[in-house]
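One structure is given below, encoded as structure tokens.
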There are 2 protein chains.
Amino acid sequence: MLSFAEENYLKAIYHLSEGGSEPVSTNSLADNLETKAASVTDMIKKLAQKQVIDYKKYYGVNLSDSGKSVALQIIRKHRLWEVFLVNNLEFKWDEVHEVAEQLEHIKSPLLIQRLDKFLGFPKYDPHGDPIPDENGKLTTKPRTELALAKKGQQGVIVAVNDSNSAFLKYLDKIGARIGTPVEVIDKVEFDGSLEIKLGEKVIFVSKEVSTNILISE
Amino acid sequence: MLSFAEENYLKAIYHLSEGGSEPVSTNSLADNLETKAASVTDMIKKLAQKQVIDYKKYYGVNLSDSGKSVALQIIRKHRLWEVFLVNNLEFKWDEVHEVAEQLEHIKSPLLIQRLDKFLGFPKYDPHGDPIPDENGKLTTKPRTELALAKKGQQGVIVAVNDSNSAFLKYLDKIGARIGTPVEVIDKVEFDGSLEIKLGEKVIFVSKEVSTNILISE
DNA sequence: ATATTTTTTTAGATGTACCTAAACATTACT
DNA sequence: AGTAATGTTTAGGTACATCTAAAAAAATAT
């Protein structure tokens, strides 16, 4: 049985390695988990001993198969709870993260199975992120960063890259939600900002914002 | 901010002191929390320092007002989650305890406020125990142990004293649920067991069972 | 009222998850 | 290639929540 701290490490490694492909450095984990590099070294030694990661000194860590599976289960729980909070408890999409960070550590396979059923087996969370199934399988639709779209390109917002509350509130303000249609009117060479048609409105968004909006046709 | 362990101590003290009236001994806490007396002494010193309990060496502990309020909030969360599990996630009343033990420690006043609303502001949990309101206020209906009822007395099951899974499964088996009408047909002097009419059936229940069933008219 | 038993507390250890400071490896820069 | 900068690990220490064994206090029994 893994502790909350251990589970958080596995989740962080999963995210930082983009799904378990690349190795993750000690410092990037320390940053991500808001802790110190020395603490990370301590913990990854323990996780390596438990066989959930592969660790070679000075070379960073990789999730093992079992570690990846644990990480995906935590992500599954996190996202299912987010759906519950938004769909049933009137939470806004910028309010769910903190609470889901706690709920994701509740240990009860039955609970998650039943919650999934209760929610109608959702495939995506309120930020458009895919929810892994019981076996940890992800169904990822092709999606592009809005920042990479060409002038004239059209699409629909399917997800956001950042679940930061301030960012999501800004999106609410400009009327950008999952499902909102977008069209690139113009790209500003100077700072990479975009002029876009969002629903019925035409506005400018910074490069940073457009990097964090994911669209598909 | 209190840790899970600290919260569990406060909850245990609340239950063992019957709502904060009598002092609770070190050993009874150790028994209840399945830990050792020495560990309890350590912890109650810390809780006393945090002003959530009153502690005098060798005299047992009492909840302070703030400690009582914390305990009631945890009990509120526990019972609301139990309602959710039974009403919405198809859990049976003997399956909810363990999961609710985890869920009660989630820290988010908004979550509990919204959950309460979602559930329709329930007053009792699946075992018939009253749910404290936001201010920790309990509405307790008068209720008697079935074991204390007199021959010929009639009533309705309103709660159970023990949430032990085996006991609840037994109640399911004999058809005893919250709301089931009961009538005392006869009391057996010898072992204190009862002959009762439960719904439409007439059966015998042991003294131990009847002690754990609460009825009201 | 004294001795015995029970209960509670203290003393000293352990494992977890952190920390700082210092040592060591790797990478980047003239 | 040699040095400086950056990244990582080790060493040693802290707070938390637990433990065992022993000492001390309170309750019980003779």
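Numbers restart at 1 for each chain; the letters A, B, ... are given by sequence-line order, proteins then strands.
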Please report, to 0.1 Å, the donor-acceptor pairs under 3.5 Å made by any side chain of residues 162-169 of chain A, with sequence neighbours excluded.
{"unit_1": "A:Asp162", "atom_1": "OD1", "unit_2": "A:Asn164", "atom_2": "N", "d": "2.7"}
{"unit_1": "A:Asn164", "atom_1": "OD1", "unit_2": "A:Ala166", "atom_2": "N", "d": "2.9"}
{"unit_1": "A:Asn164", "atom_1": "OD1", "unit_2": "A:Phe167", "atom_2": "N", "d": "3.1"}

### Query
Does any donor atom in the side chain of B:Ser193 or B:Asp191 lie under 3.5 Å from an acceptor atom in the other side chain?
yes
### Query
Rounded to whole angstroms, how far apart are CZ on B:Phe4 and P on D:dT18?
13 Å
## Note on the structure
The complete set of side-chain hydrogen bond (donor to acceptor under 3.5 Å, both in side chains) pairs with one or both residues in residues 61-71 of chain B, sequence neighbours excluded, reads B:Ser64-B:Ser66
### Message
Checking A:Tyr58 now: which residues fulfil ring pair (Phe, Tyr, Trp, His ring centres under 6.0 Å) with it, not counting sequence neighbours?
### Response
none
### Query
How close or far is atom P of D:dC19 from atom CG of B:Leu33, stated in whole angstroms?
10 Å
### Query
When A:Glu7 is tested against each of A:Gln73, A:Lys77, A:Lys107 for side-chain hydrogen bond (donor to acceptor under 3.5 Å, both in side chains), which residue passes?
A:Lys107
### Query
Which letters describe nucleotides 6-12 of chain C, given B = protein heavy atom under 4.0 Å from base, S = only from sugar-phosphate, - = neither?
-SBBB--
### Query
Does any pair with a residue in residues 124-139 of chain A pass salt bridge (Lys or Arg N to Asp or Glu O under 4.0 Å), and if so which ones, sequence neighbours excluded?
A:Arg79-A:Asp125
What are the atom names and distances for every N/O pair under 3.5 Å that joins the protein to nucleotides 1-3 of chain C?
none

### Query
Should B:Lys36 be listed as having a side-chain N or O under 4.0 Å from OP1 or OP2 of D:dT20?
yes
### Side-chain N or O of A:Ser3 closer than 4.0 Å to phosphate OP1/OP2 of C:dT16
no
### Interatomic distance, B:Leu16 atom CG to B:Leu63 atom CG [nearest 0.5 angstrom]
10.0 Å
### Query
How is B:Tyr9 classified with respect to the nucleic acid when contacts are heavy atoms under 4.0 Å: base, sugar-phosphate, or nothing?
sugar-phosphate
#### Entry: Test applied, ring-ring contact (aromatic ring centres under 6.0 Å, His included); reference residue, B:His78; option that passes from B:His127, B:His105, B:His97
B:His97
